[in-house]
2 protein chains.
Amino acid sequence: MARTAYHHGDLQQQAHQQALSIVREHGDSAISLRALAKQIGVSAPALYRHFADRESLLAELAIKGFEWLRERLLQVDQNDPRQALIGIGLAYVAFAQDEPNLYRLMFGGRVLPLGVHPRLDSAGKSAFQVLEDTVARARDRGFLKPMPLSLMTATAWSLVHGLSLLTIDGHLPATESEPHLAAGVTSLLLDGAVAFPTRRTTSQNNEDTA
Amino acid sequence: MARTAYHHGDLQQQAHQQALSIVREHGDSAISLRALAKQIGVSAPALYRHFADRESLLAELAIKGFEWLRERLLQVDQNDPRQALIGIGLAYVAFAQDEPNLYRLMFGGRVLPLGVHPRLDSAGKSAFQVLEDTVARARDRGFLKPMPLSLMTATAWSLVHGLSLLTIDGHLPATESEPHLAAGVTSLLLDGAVAFPTRRTTSQNNEDTA
DNA sequence: TGCCAATGTTAACACCGTTAACTTAAGCAA
DNA sequence: TTGCTTAAGTTAACGGTGTTAACATTGGCA
């Protein structure tokens, strides 16, 4: 495992690290295996001893991203249900804005579709699990309406995912310039947008969910 | 403008159309100018007489996508504010699910970033305008809380955008297998997720938004 | 000590987007 | 009708890509 001129000795880890920093700075489309190999000082095919192909390398980076995201979500204080829900939302969007290129890689869809890299899929599930647990806990404590958990998590995830992508793509102002947007959006979901909520009008309930 | 063997006579439109069908079927990453030219029966550089580069061709297709999306949103019945808002949400998500590859191109972020193709940007704005108008109309009629319009549209857009991408990427079930998801998610935003909204329990209100 | 497996190498294949330099032909002016 | 300008094609070429095949080196274990 010494580093002669021939056997590099640390290629896997170094390639991983170098590729990660390229993705974070310039996005996954800036990753070229040939250029990466040249930077490290190794021939391009050498990389194939450690990664099946370009996509598998990207999958490794996305896994790292999901682990980071999960850690950020786990740091949210879970004492008060409302604060926990808003905290998760803010932490989620903050991660996406801190790591826009990584977030796009994780959820790009075009590259790294579901079902191809099992470890990637399960890393994504683990991160999502934190959000789901938070919603479940809030519902169990009676803070949320007694609706299907899947509906509530789908709504929450859609909201933060959409807000994340729209801000990092520049369609909506980022937290930097509009500090209260993410919290406002999250609160709006919790409290509802309708002016005269509930009680009256069974007319709303007779047409939706089974 | 006749079609001799040399001057094709209809290249621009045919390339546009062929590329569009490739994107719809296989996604924008499947677009190769050389392959496209070969399919049409023309040399690759000929395409450059009609498109500045590959990205500009993709931008044209995305513009078409935004026009289609706008048309779908304009067909939503605007009589009842609540039905209009839910209808817009459903139409938006339905479009994304009907044209997943086109939707990803329009909102991919990696390709076609904002500020590069002005016509594309304004096509996107025009589509978004329909959503914003619907929210504004509902608020003007007193159906929605008197909050900033920008906050409400940001929330609505985030929700439908997130739901669209999560479903077309397979992270959430599509309308096909869960017909009520989109309506449920939209209703949840309108009515709020909290079990005991407003009124009682100032304990919730004393710590949140300014 | 000798072999094996891991981990490198170079050469090559089949693509890709894009540009330069050249050719054809359509359309308009004298 | 002739001639010129210009739009719209052509081939050749540059530099890049992911990936595979065949070969070389070397670390570590029997």
Side-chain angles (χ1 to χ4, degrees), chain A residues 1-20 22-23 25-62 101 105 108 110-113 116-117 120, chain B residues 1-20 22-23 25-62 101 105 108 110-113 116-117 120:
Chain A
M1 206 172 286
R3 44 192 59 172
T4 73
Y6 204 91
H7 281 36
H8 181 284
D10 194 32
L11 218 186
Q12 166 130 16
Q13 207 174 351
Q14 190 166 345
H16 192 286
Q17 188 173 347
Q18 193 97 358
L20 183 56
I22 293 175
V23 164
E25 287 176 42
H26 304 103
D28 55 276
S29 66
I31 288 284
S32 146
L33 293 190
R34 298 183 95 122
L36 179 63
K38 185 172 290 183
Q39 267 188 38
I40 299 178
V42 87
S43 73
L47 295 173
Y48 286 81
R49 298 293 173 190
H50 304 280
F51 307 100
D53 50 22
R54 201 187 99 110
E55 259 218 344
S56 297
L57 169 57
L58 293 179
E60 298 287 338
L61 309 184
N101 288 320
L105 172 61
R110 193 167 22 207
V111 256
L112 305 182
V116 178
H117 299 91
L120 173 61
Chain B
M1 205 172 285
R3 41 193 59 171
T4 74
Y6 205 91
H7 282 34
H8 180 286
D10 195 32
L11 218 187
Q12 168 130 16
Q13 206 173 354
Q14 190 168 343
H16 193 285
Q17 187 173 348
Q18 193 97 358
L20 183 56
I22 292 174
V23 165
E25 287 175 42
H26 304 104
D28 55 276
S29 66
I31 288 284
S32 146
L33 293 190
R34 298 184 96 121
L36 180 62
K38 184 173 290 184
Q39 267 188 40
I40 299 178
V42 88
S43 73
L47 294 173
Y48 286 80
R49 299 291 171 189
H50 304 280
F51 307 101
D53 49 21
R54 200 189 98 111
E55 259 218 344
S56 298
L57 169 56
L58 293 179
E60 298 286 337
L61 309 185
N101 289 321
L105 172 61
R110 193 168 22 208
V111 257
L112 305 182
V116 178
H117 298 92
L120 173 60

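The chains referred to below are lettered A, B, ... by the order of the sequence lines, with proteins before strands, and numbering in each begins at 1. Remember, it's a predicted structure, so these values are computed and weren't measured experimentally.
When side chains are defined from C-beta on, A:R54 does not count as touching A:L47, because their heavy atoms never get closer than 4.5 Å. Inter-residue side-chain proximity for A:E55 and A:P113 is flagged as met; some heavy-atom pair is nearer than 4.5 Å.
Within 6.0 Å of CD on B:E25 lie more than 12 heavy atoms contributed by other residues, nucleotides or ligands.
With D:dG9, C:dT19, D:dG18 as the candidates, the nucleotide lying closest to the side chain of A:L33 is D:dG18. Closest to the side chain of A:S43, from the set C:dT19, C:dT9, C:dC16, is C:dT9. Of the candidates C:dT9, D:dT17, D:dT10, D:dT17 carries the atom nearest the A:A35 side chain, counting heavy atoms from C-beta on.
Counting to the nearest Å, the P atom of C:dT9 and the CD1 atom of A:I40 are 11 Å from each other. Straight-line distance from the CG atom of B:L36 to the P atom of C:dC15: 16 Å, rounded to whole Å. Taking atom CZ on A:R49 and atom P on D:dT19, their separation rounds to 15 Å, with Å as the unit. Put simply, CG on A:L47 is 18 Å from P on C:dA6, counting in whole angstrom units. Distance CZ (A:F51) to P (D:dT20): 16 Å, rounded to an integer number of Å. Remark: P of C:dA26 and CG of B:L11 are 15 Å apart, rounded to the nearest angstrom. One atom, NZ of A:K38, and another, C1' of C:dT10, lie 14 Å apart when rounded to the nearest Å. Rounded to whole angstrom, the span from the CG atom of B:D53 across to the P atom of C:dT19 amounts to 8 Å.
Contact annotation: A:H50 does not reach the phosphate of C:dA6 (side-chain N/O to OP1 or OP2, under 4.0 Å). Between A:S32 and D:dG16, a side-chain N or O to OP1/OP2 separation shorter than 4.0 Å is absent.
Contact record, B:A44 with B:A37: CA-CB, 3.5 Å, taken as the closest heavy-atom pair.
Side-chain atoms of A:R34 and base atoms of D:dG16 include no donor and acceptor less than 3.5 Å apart.
A:I31 comes within 4.0 angstrom of sugar-phosphate atoms only, judged by non-hydrogen atoms across all strands, and of no base. Within the nucleic acid shown, A:R54 comes within 4.0 Å of sugar-phosphate atoms alone, with no base atom in reach, counting heavy atoms only.
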(message) Let's go through A:N101 and A:D28 carefully: what are the C-alpha distance in whole Å and the side-chain angles of both, what is the deciding distance for side chain to side chain contact (heavy atoms under 4.5 Å, CB included) to 0.1 Å, and is it a yes or a no?
(response) CA-CA 7 Å; A:N101 288 320; A:D28 55 276; over 6 Å; no

